[in-house]
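Chain identifiers are assigned alphabetically (A, B, ...) following the order of the sequence lines, protein sequences preceding nucleic acid strands; residue numbering begins at 1 within each chain.
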There are 2 protein chains.
Amino acid sequence: MTQMQDDPLALDRQVCFALAAASRSVIGMYRPVLAPLGLTHPQYLVMLSLWERSPRTVRDIGQALRLEPATLSPLLKRLESAGLLTRQRNREDERSLDVELTAAGRSLRTKAELVPAQIVERLGMDVAELERIRDSLTQLLAASDG
Amino acid sequence: MTQMQDDPLALDRQVCFALAAASRSVIGMYRPVLAPLGLTHPQYLVMLSLWERSPRTVRDIGQALRLEPATLSPLLKRLESAGLLTRQRNREDERSLDVELTAAGRSLRTKAELVPAQIVERLGMDVAELERIRDSLTQLLAASDG
DNA sequence: CACAAATGATTAGTATACTAACTAAATGAC
DNA sequence: GTCATTTAGTTAGTATACTAATCATTTGTG
């Protein structure tokens, strides 16, 4: 009944605000969980992409994570400094950079396998509900990404 | 059937990835829409909070937007430089900083009122579906924010 | 009332994340 | 076969966003 709820500009009505705030908040939950692995959340996502396939090019990782190469470039250098991956030019196409896990990078996976369950537990939400939300977000991503 | 879909670390299974990617992608849609107003997306959210109530303290805005004062401080200075608001110490409590819209800040609202419809149109999604997603995200925010 | 504790904002330092501009390498048109 | 075009990454510049440390003011305790 208040004017606020009818107002299209009311903060609490904005999908973009709910999205931005939830994203920051959930990523914030990962911080203490990922700290023992020496990873930030974006770095964790890069590692997930490499555990699925390695080596991959910067372009390929960027397409998987929807990140610009300009964002990935320094991020990958930090992971290289941490000893988790190597970066070297592709022999067949010198423009491409192959990013490949090191032994340390591969073995970090064991610790990472414990992460998802810890997050779900801290969230205290139903897994089925979380999967529903994930699917809605994937749909939203497709609509905005076109 | 592939091992990937059973893998708890598969990128496409992560709520956090869907959340981060959708957030960046949707915020990216706002960029061309907000550019004519001279606002970034976080600045737009600050303006939404001030159109609801002005003046407000930095603390108060931070609680509404779930942003740290350290994030808001430089952001508010930019909006002050843009002439959209003023910043001055509260008379009754000199620790607090009152943030108040200027005439230019108030009048920008007219242009901003056209923003939500433009985004919905570009997304091409059902408004009811978007509201469902927003409510799920609000729920997720509450679970992660505790 | 003096002084420790708490509160509100700022500053410093690190890490994303974007666009735009640039470099180097490969492709394609003629 | 040469040269314009395209493609892959990097660099520069700006704006978030966080934690930790700091500063100033206010509150609360004895």
With a 4.0 Å cutoff (strictly under), does any side-chain N or O of [X] reach OP1 or OP2 of [N]?
{"X": "A/Thr71", "N": "C/dC18", "answer": "yes"}
{"X": "B/Lys77", "N": "D/dT16", "answer": "no"}
{"X": "B/Thr40", "N": "D/dT14", "answer": "no"}
{"X": "A/Arg87", "N": "D/dT10", "answer": "yes"}
{"X": "B/Arg31", "N": "C/dT19", "answer": "yes"}
{"X": "B/Arg24", "N": "C/dC18", "answer": "yes"}

Take the protein atom [atom1] of [X] and the nucleotide atom [atom2] of [N], then report the distance between them rounded to whole Å.
{"X": "B/Glu94", "N": "D/dC23", "atom1": "CD", "atom2": "P", "answer": "19 Å"}
{"X": "A/Leu72", "N": "D/dG9", "atom1": "CG", "atom2": "P", "answer": "9 Å"}
{"X": "A/Arg89", "N": "C/dA26", "atom1": "CZ", "atom2": "P", "answer": "10 Å"}
{"X": "B/Leu34", "N": "D/dA15", "atom1": "CG", "atom2": "P", "answer": "15 Å"}
{"X": "A/Leu76", "N": "D/dT11", "atom1": "CG", "atom2": "P", "answer": "13 Å"}
{"X": "B/Tyr30", "N": "D/dT16", "atom1": "OH", "atom2": "P", "answer": "16 Å"}
{"X": "B/Arg91", "N": "D/dT26", "atom1": "CZ", "atom2": "C1'", "answer": "18 Å"}
{"X": "B/Tyr44", "N": "D/dA15", "atom1": "OH", "atom2": "C1'", "answer": "19 Å"}

- request: Can you measure from CZ (A/Arg134) to CD (A/Gln139) and round to the nearest 0.5 angstrom?
  value: 13.0 Å

task: With rounding to the nearest 0.5 Å, note down the distance linking OG1 in B/Thr86 to CG in B/Leu101.
output: 8.5 Å

Could you check whether [X] gets within reach of a base, just the sugar-phosphate, or nothing at all, counting any heavy atom under 4.0 Å?
{"X": "A/Pro69", "value": "base"}
{"X": "A/Leu75", "value": "sugar-phosphate"}
{"X": "B/Arg78", "value": "base"}

task: Could you check A/Asp60 against B/Leu67 and say which one's nearest nucleotide on DNA chain D is further toward the 5' end?
output: A/Asp60

field: Nearest-nucleotide 5' precedence on DNA chain D, A/Pro74 against A/Asp93
entry: A/Asp93

The side chain of [X] lies closest to which of these nucleotides: [options]?
{"X": "A/Leu97", "options": "C/dG8, D/dG9, C/dA12", "value": "D/dG9"}
{"X": "A/Thr57", "options": "D/dG9, C/dT16, C/dT19", "value": "D/dG9"}
{"X": "A/Ser96", "options": "D/dA8, D/dA17, C/dT16", "value": "D/dA8"}
{"X": "A/Ser73", "options": "D/dC18, D/dA17, D/dT11", "value": "D/dT11"}
{"X": "A/Ala70", "options": "D/dT19, D/dG9, C/dC18", "value": "C/dC18"}
{"X": "B/Arg95", "options": "C/dG8, C/dT11, D/dC18", "value": "C/dG8"}

[Y] and [X], any side-chain heavy atoms less than 4.5 Å apart:
{"X": "A/Gln14", "Y": "A/Leu19", "answer": "no"}
{"X": "A/Ser96", "Y": "A/Thr57", "answer": "yes"}
{"X": "B/Arg89", "Y": "B/Asp98", "answer": "no"}

message: Given 3.5 Å as the limit, does a donor-acceptor pair link the side chain of A/Trp51 with the main chain of A/Gly105, or not?
response: yes

